[in-house]
Amino acid sequence: MDPPLINENSFSAANPSSFSLTEIWPFPPSSSTALGLRVANLADRDGSLDESNVTEQSGGNRNGNRKGIDLSSEEDGSSKTVSTTTSAHDLNDLSGKRRKISGSRNENSESRAEIEASSAANNKPAQPSSKPSEPPMQDYIHVRARRGQATDSHSLAERARRDKISERMKMLQDLVPGCNKVIGKALALDEIINYIQSLHCQVEFLSMKLEAVNSRMSMSPAIERLHPKDPFDATGMIFGPQPTKDYVQGPQSEWLHMQVGGSFKRAM
Amino acid sequence: MASNQSNCDVSSQQEPNQLRKKRRKSTQTTESHLQNDGTGEAKNQPTVRWRTCTARRIYSSKLLEALRRSRRTTSPRGEKTREVRETADRVLAVAARGKTRWSRAILAKRARLLRVKKVKKPKVGCDRMLQESEKRKKLPAVERKVKVLSRLVPGCRKVSFLNLLEEASDYIAALEMQVKVMTTLSEILAVAGGGAGVGGGSSS
């Protein structure tokens, strides 16, 4: 998979921040977008590596989320804009093969040499990238206070961290029904919190129900004979046809209420 | 009794064979679908971990055993619901096999309770927090929600946001499974209770 991604044309002068990369990669030291591609796939394992190549690309491939970071890195890499234009074309070709993590970065792959001017226009999410990096990007959570992002390594690490966060948020959104339609971290977190609270309520409710059943069962000794295997097979039967995702939703709670009403009648 | 059990075995053996085949297909499709996303991380994903039929079976069996045990031991009259709920949470934590922070926190809570009686100390920093929130009317909205979320997931109060999200996703998947199992268990036990009361030898 590596050879087709890495082209000789896309190599450019080595960046000091990518020196660690050259030790690892057998290919000539470069800031190729392809390398960045490849390394972007390793983002999960080593964020710093990924970021060193990402700055090399320094195309308009950034999302608006990067804001001032792009500017600072672009200013650093302004000398390499010529090389990055050629690499940008490779980006265009390779964008289809990207994974989700790097794919979100490389959406806007029409990079020009004047990246600073056009980055605002190219960035699809309508976030002004001309803002300095200071405003504490209210969409993001900082556990640690953010310092000025002068050095690249910090911004790279932050970018990797942000990507991890967005990946986990997506996973959470898949779990929580109805969270896909919501855009933005705050609202999504709202949904998640509500969902967890509703699950807690359901567990409480079910534990009350189980306790009622338990007490009833302990009264009649005949039930003790219940074969341990039966519940599993029965649960299998009940679990099998049911779709897993649609289970915990609003109408289900009404169904549960009906069930409780039925069992209470039987108990009394 | 022996004949009843043997009959149960016979009838129960035929069904699970067919059911297991169907279940295997469904679990395989979900797992293969998820494998495309991550390199070899399919089994670690919370959705896969907590949605397999094996997980449900393990949890339901353990829950049944725990409930039976708690039924036999004398239980306080007033707090039975809390006991059942804590049992269910404990069994869920055990089913997690110690890989997640919230499961370890749940088990540690119980271990601590058994050793020392819980004395709730008033929060010392509470006043300071109120003052700060008055000065800064709006903490970033997301941060507030993160705090609420960290309180909801057990054992995750001082955890970084990244790990909190991961714990939360695993916790949600586990809770979903818990709800499903408890619902079906209560159904079955209720039906079984009713059925056994009416006709003891119905299965024969």
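Keep in mind it's a predicted model, so treat the numbers as computed, not measured. Naming convention: chains lettered A, B, ... in sequence-line order (proteins, then strands); numbering from 1 in each chain.
- For the atom pair L149(B) CG and L172(A) CG, the distance stands at 8.0 Å (nearest 0.5 Å).
- Between D190(A) and K145(B), the closest heavy-atom pair is OD2-NZ, 3.1 Å.
- In terms of heavy-atom proximity, L206(A) sits nearest to S186(B) at CD2-OG, 4.3 Å.
- Here the straight-line distance linking atom CD1 of I172(B) with atom CG of D174(A) works out to 11.5 Å at 0.5 Å rounding.
- Once rounded to the nearest 0.5 Å, the distance linking CD of Q202(A) with CD of Q178(B) reads 10.5 Å.
- Side-chain contact check for R85(B) versus H200(A): some heavy-atom pair is nearer than 4.5 Å.
- Scanning all heavy atoms of the two residues, the minimum distance from A186(A) to V142(B) falls at CB-CG2, 4.2 Å.
- Partners of E167(B) according to the side chain to side chain donor-acceptor pair (under 3.5 Å) rule, which considers only residues two or more places apart in sequence or in another chain, do not exist here.
- If you take CD1 on I192(A) and CG on L165(B), they are separated by 7.0 Å, rounding to the nearest 0.5 Å.
- Atoms CE and CZ, on M208(A) and R82(B) in that order, are 15.5 Å from each other to the nearest 0.5 Å.
- Inter-residue side-chain proximity for N163(B) and R168(A) is flagged as met; some heavy-atom pair is nearer than 4.5 Å.
- Separating the NZ atom in K147(B) from the CG atom in L189(A) is a distance of 14.0 Å, to the nearest 0.5 Å.
- Nearest heavy atom pair, residue V203(A) against residue M182(B), reads O-CE, 3.8 Å.
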